[in-house]
Amino acid sequence: MICLDVLKDGKRNAVAVSFDDGSFDEEVVRIFNRYGIKGTFNLITNAVDPGDYARLRRLYQGHELACHGTYHKSLDVLPAANINLEIFQHRKVMEEIAGCPVCGLAYANGRYTQEVIHALRAAGIVYARTAACTGGYQFPEDFMRWNPTCHINAGHNGVQEAAAFLKAMEGYFSGPRLFFAYSHGHEFQGRFERLEEFCSLIGGNQDIWYASTMELYEYVTAQRSLRISADNRLIYNPTAVEVWFSCGDQIYSAGPGQTVRL
Ligand SMILES: [Zn+2]
């Protein structure tokens, strides 16, 4: 029977790390690059000088830029029309910086409502990360309520959680695992060796897919879009993303637009 339990390149485990507010990101990016971790950086654009866009684009190269808000307002207390200013106008600035569509978001202050989600979808946002840590490794059913695994900072730098994840990778497999940590650069200010300690433990593992949150969203969304014949022998991938899946002990992949016959 076909199971959608395989991630990119046949891997079963993924790590994503998301940093908010754009503070001290030079240090964060330097450490991520050293340990092969791909970050998602959720910026606030009110204070960003247009003269700084090119430098920022270079800084975040190889990582994902995502929305956080023009002014870092809690979206649940904004009149719906102001979500246009806080998010839609913000997206335009983010896209000037990134040079590509920016459709991910982290909720400022972790706050949202169902109405906010409607407004965000209308503003072109496709996934949104919360600040509600689960301690778990499951992918979300609803990507507009994407709860991370844990929050890390200089005091509590996530090495215990990272060690637990690495241990879980050796144990019984019940489904693909995502370790999803979030933080802010300023939470490691003056103590970036604490972030380095975390990254050296969780980074550089060939059994882990180091992905941006957008890459994870795109992959899982594509995987959920596979069309599988009732007898499980024909698998059609209607998307533009290569997708892996299992059947019994075997792992297969279906390229963009490809039909695989088992
Ligand atoms: Zn924030």
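Remember, it's 1-based here, ligands and their atoms both numbered in the order they're listed. Atom set for the values below is all heavy atoms of this structure, side chains included, hydrogens, waters and symmetry mates excluded.
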Salt bridge present between D5 and R12 (N-O < 4.0 angstrom):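 Result for this pair is yes, salt bridge flagged.
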
Among the N, O or S atoms of D21, the one nearest the Zn ion (ligand 1):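 Result: OD1.
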
H72, N/O/S atom nearest the Zn ion (ligand 1):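 Checking each N, O and S atom of H72, the shortest distance to the Zn ion (ligand 1) belongs to NE2.
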
S18 and N42, any side-chain heavy atoms less than 4.5 Å apart: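 SC-SC contact between N42 and S18 confirmed.
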
Contact flag H68/the Zn ion (ligand 1), N/O/S atoms, threshold under 2.8 Å: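 Under 2.8 Å: H68 contacts the Zn ion (ligand 1) through an N, O or S atom.
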
Presence of N, O or S from D20 under 2.8 Å of the Zn ion (ligand 1):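 So D20 does not bind the Zn ion (ligand 1) by this criterion.
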
Identified side chain to side chain contact (heavy atoms under 4.5 Å, CB included) counterpart of L75 within the set N82, I117, I87, N109: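 Result for side chain to side chain contact (heavy atoms under 4.5 Å, CB included) with L75: I87.
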
R129 to Y107 six-membered ring, cation-pi geometry met (6.0 Å, 45°):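 No.
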
